[in-house]
Amino acid sequence: MSALNAFDGQQVQAIVILWILLGGLVGVLAGAVSGMLIGGKNLGDYKLAAMMGGMYAAMPVVPGVVLGTIILVLI
């Protein structure tokens, strides 16, 4: 019995897309802030550090959200 059986296929797709977008946005924001705080002093350029942190922090978010959704469907 799936945890998502109460929804039809289109609602499940909308939920997955929403979580991927929301997770990506949170990952970018968190990566930008942490990159700015951690790497800003060392690089001497806070904008560059925020851009790099936002770019690299978002990479593991999408596979994590997709994997979490697959696990949720299999439960």
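In what follows, every heavy atom counts, from backbone to side chain, and hydrogens, waters and symmetry copies are set aside.
Across all non-hydrogen atoms, the minimal contact from P60 to A57 is CD-O, 3.3 Å. Nearest heavy-atom pair, A49 versus G40, reported as atom, atom and distance to 0.1 Å: CB-N, 3.7 Å. Annotation for K41 and Y46: closest pair CG-OH, 3.5 Å, computed over non-hydrogen atoms.
Put simply, W19 and I70 are part of the same group of oily side chains (I, L, V, M, F, W, Y) that touch within less than 4.5 Å, one to the next. Hydrophobic clustering of Ile, Leu, Val, Met, Phe, Trp and Tyr side chains at less than 4.5 Å, counting indirect connections, keeps V61 apart from V28.
When side chains are defined from C-beta on, L29 counts as touching L25, because their heavy atoms get closer than 4.5 Å.
Between atom CG of residue D45 and atom CE of residue M51 there is a gap of 8.5 Å, rounded to the nearest 0.5 Å.
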